[in-house]
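Below, chain A is the first sequence line, B the second, and so on; all start at residue 1.
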2 protein chains.
Amino acid sequence: MTRDTKTAISLPTVRRLPMYYSILQEAASGKQENISSSQIAGRLQLESIQVRKDLASIGITGLPRIGFSVARLMDAIEDFLGWNNTSDAVVIGAGHLGSALAGYKGFAEKGLDIFAFFDSDKTKIGQKIQGKEVLDIERLPELTRRMHINIAILTVPDHAAQNAADVAIKAGIKAIWNFTLTKIIVPSGTIVERVDLAASLAALSSKLRQQIA
Amino acid sequence: MTRDTKTAISLPTVRRLPMYYSILQEAASGKQENISSSQIAGRLQLESIQVRKDLASIGITGLPRIGFSVARLMDAIEDFLGWNNTSDAVVIGAGHLGSALAGYKGFAEKGLDIFAFFDSDKTKIGQKIQGKEVLDIERLPELTRRMHINIAILTVPDHAAQNAADVAIKAGIKAIWNFTLTKIIVPSGTIVERVDLAASLAALSSKLRQQIA
DNA sequence: TAGATTGTTAATCGATTAACAATC
DNA sequence: TAGATTGTTAATCGATTAACAATC
């Protein structure tokens with residue numbers, strides 16, 4: 001458990017770790033025992049020094065001439081990202097997007113288990129999505145507390161986002177994965193990670209325009 | 001058309017513009033004529049200087065004591081992000097996620113029009129999603145060329161991502177909005193904007209862990 | 001005029017990249 | 001041993017933030 005450097009790993013580094021992991025999976029499936037930073041970097045169009053820096057920051061060391069042990073590296077990343085001890089999450093907003101996310105292969109492997117769906121739309125309540133029941137949003141506080149759930153995935157319509165977030169936080173939710181186009185305001189102490197599609201689309205068209213120009 | 005500073009606006013700035021726009025919409029709906037950088041910043045938990053810098057970089061100026069004209073600011077952002085001249089896009093992969101994105105309110109306003117869906121699954125071909133037909137992936141090159149479509153939204157299963165991207169690029173697609181967990185490799189000249197959910201989830205749990213610790 | 005808010009110029013900060021000695 | 005690859009230390013780069021004179 002090389003876990004000495006617990007001093008705030010940078011978010012850019014954290015975001016790259018899953019990419020490294022997917023390269024490692026490939027290597028492992030090819031029975032490759034060791035891998036160099038430049039092999040990883042090459043596959044991801046990054047610089048090898050960045051890979052080494054990132055790995056060093058989560059406390060992993062390699063060996064000159066050998067590189068890094070694929071198996072140990074995978075373990076370390078799984079460990080660091082908490083993929084071993086699964087956390088339960090609820091989805092608030094039982095629409096297409098919620099269904100899509102619930103069906104996403106790979107979330108389960110990455111330690112995220114969707115426990116239930118919540119909606120305020122009475123016609124949706126009682127239906128099943130991916131085998132899990134859609135519950136009345138009123139029951140959120142009860143379930144959150146009983147099951148010790150910290151994470152809510154927010155996929156409600158934009159105009160309902162802030163209100164849903166408020167409800168969730170009141171119910172004891174500690175982290176919100178926000179898929180709406182709305183920037184929600186939360187008290188300090190609550191985590192928000194936003195998947196900002198408007199920002200992403202803006203970046204796409206900006207890059208496209210520059211490319212074409 | 002204050003469009004002198006066409007010298008590569010930074011991506012972080014571009015990504016913030018839609019947030020500013022949503023604040024402006026609120027202001028406009030409240031009949032507010034002018035807005036200060038600190039008003040915008042306050043609502044978004046940013047610094048006012050960052051707002052001013054961003055706006056300056058797309059060529060907008062304000063007036064001391066007055067601030068910025070809400071209407072002119074909205075126009076400028078719409079203009080800069082190309083929300084006026086709509087571009088057509090295709091969705092490759094007609095699953096839940098594709099449906100969800102197609103149903104996303106606001107994409108239309110943001111200049112993105114989904115023209116058709118493509119899939120290789122024969123059972124899906126011919127069905128309709130959000131009123132648009134699902135076509136055979138084989139027909140992609142024909143349609144891309146005929147309709148001058150530059151953008152593909154990639155929502156296929158992860159293992160099919162690279163292949164689908166290759167097909168799309170061969171068909172003349174210039175920009176790929178990649179929603180898969182796979183990092184796709186493309187020739188230089190092709191744009192990829194990735195919505196990396198694995199990275200986002202990693203960031204979420206990392207922040208949550210730090211918060212709790 | 002007085003004062004709020006701008007735009008400019010400089011300082012800070014953090015992340016990435018480069019250079020290279022250490023080492024298996 | 002020779003040479004590939006590491007980890008360390010320093011340099012660069014770009015974005016954010018601070019300070020403040022300009023100005024409506």
Side-chain angles (χ1 to χ4, degrees), chain A residues 2-5 7-17 19-20 23-24 27 32-73 76 196 199 202-203 206-207 210, chain B residues 2-5 7-17 19-20 23-24 27 32-73 76 196 199 202-203 206-207 210:
Chain A
T2 39
R3 185 74 76 71
D4 31 292
T5 332
T7 43
I9 311 313
S10 88
L11 239 29
T13 295
V14 171
R15 290 181 199 275
R16 281 188 293 267
L17 293 177
M19 306 201 301
Y20 299 161
I23 302 302
L24 294 168
Q32 188 180 341
E33 287 201 7
N34 296 290
I35 192 166
S36 71
S37 58
S38 53
Q39 281 180 293
I40 297 176
R43 297 273 291 103
L44 295 169
Q45 301 175 312
L46 301 174
E47 296 296 325
S48 69
I49 178 63
Q50 183 164 64
V51 174
R52 288 201 298 282
K53 269 279 159 74
D54 285 343
L55 298 182
S57 77
I58 62 167
I60 302 169
T61 61
L63 290 174
R65 278 233 64 188
I66 312 287
F68 298 83
S69 153
V70 172
R72 293 210 306 117
L73 206 41
D196 188 345
S206 172
K207 286 190 276 188
Q210 291 230 321
Chain B
T2 39
R3 184 74 75 70
D4 31 293
T5 333
T7 42
I9 311 313
S10 87
L11 239 30
T13 294
V14 171
R15 290 180 199 275
R16 281 188 294 267
L17 294 177
M19 306 201 302
Y20 299 162
I23 302 302
L24 293 168
Q32 188 180 344
E33 287 201 4
N34 296 290
I35 193 167
S36 71
S37 59
S38 53
Q39 281 180 292
I40 297 175
R43 297 276 289 101
L44 295 168
Q45 301 176 311
L46 301 173
E47 296 296 325
S48 70
I49 178 63
Q50 183 165 62
V51 174
R52 288 201 297 284
K53 270 279 160 70
D54 286 343
L55 298 182
S57 78
I58 61 168
I60 301 168
T61 61
L63 290 174
R65 280 235 63 190
I66 312 287
F68 298 83
S69 153
V70 172
R72 291 212 305 119
L73 206 41
D196 188 344
S206 172
K207 286 190 277 188
Q210 291 231 323

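When the nearest nucleotides of DNA chain C are assigned to A:Leu63 and A:Gln50 by heavy-atom distance, the more 5′-ward of the two goes with A:Gln50.
Atom CD in B:Gln39 sits about 14 Å away from atom C1' in C:dT6, given to the nearest Å. As rounded to whole Å, 16 Å separates atom P of D:dA15 from atom CG of B:Leu46. The interatomic distance linking B:Arg65 (CZ) with C:dT5 (P) rounds to 7 Å, in whole Å. The distance from atom CD of B:Gln45 to atom P of D:dT16 is 16 Å, rounded to the nearest whole Å. Distance, A:Ile66 CD1 to D:dG7 P: 12 Å, rounded to whole Å. If you take CG of A:Asp54 and P of C:dT16, they are 7 Å apart, rounded to a whole angstrom. Rounded to whole Å, atom P of C:dA15 lies 9 Å from atom CG of A:Leu11. Rounded to whole Å, the distance from CD on A:Glu47 to C1' on C:dA19 is 14 Å.
Atom CD1 of A:Ile35 is separated from atom CG of A:Leu73 by 8.0 Å, given to the nearest 0.5 angstrom. Of the inter-residue distances, the one linking B:Ile9 atom CD1 with B:Asp54 atom CG reads 9.5 Å to the nearest 0.5 angstrom. In this structure, CG on A:Leu46 lies 10.0 Å from CD1 on A:Ile40, to the nearest 0.5 angstrom. Interatomic distance, B:Lys207 NZ to A:Leu11 CG, rounded to the nearest 0.5 Å: 5.5 Å. Atoms CZ and CG, from B:Phe68 and B:Leu63 in turn, are 9.0 Å apart once rounded to the nearest 0.5 Å.
Between B:Leu44 and B:Arg16, the closest side-chain pair of non-hydrogen atoms is not below 4.5 Å.
Across every non-hydrogen atom of A:Tyr20 and A:Gln50, the tightest pair is OH-O, 4.1 Å. A:Arg52 approaches A:Ser37 most closely through the heavy-atom pair NH1-OG, 3.0 Å.
Within the nucleic acid shown, A:Thr61 comes within 4.0 Å of sugar-phosphate atoms alone, with no base atom in reach, counting heavy atoms only. Within 4.0 Å (heavy atoms only), A:Ser48 reaches no atom of the nucleic acid at all.
In DNA chain C, the stems built from three or more successive Watson-Crick or G-U pairs (distances below 3.5 Å) are C:3-24 with D:3-24.
Other residues, nucleotides and ligands contribute more than 12 heavy atoms inside 6.0 Å of the CZ atom of A:Arg15. A 6.0 Å sphere centred on CD of B:Glu33 holds no more than 12 heavy atoms belonging to other residues, nucleotides or ligands.
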Might you list the N or O atoms of the protein lying below 3.5 Å from N or O atoms in nucleotides 9-14 of chain C, with each pair's distance?
residue	atom	partner	partner atom	Å
C:dT9	O4	B:Lys53	NZ	2.9

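Of the side-chain N and O atoms in B:Ser37, one or more sit less than 4.0 angstrom from OP1 or OP2 of C:dT6. Considering only side-chain N and O atoms, B:Arg15 lies nowhere under 4.0 angstrom from the phosphate OP1 or OP2 of D:dA15. When the side-chain nitrogen and oxygen atoms of A:Arg52 are compared with OP1 and OP2 of D:dT6, one or more of them lie within a distance under 4.0 Å.
Here C:dT16 is the nucleotide among C:dT16, D:dT6, D:dC24 with the atom lying nearest to any side-chain atom of A:Pro12.
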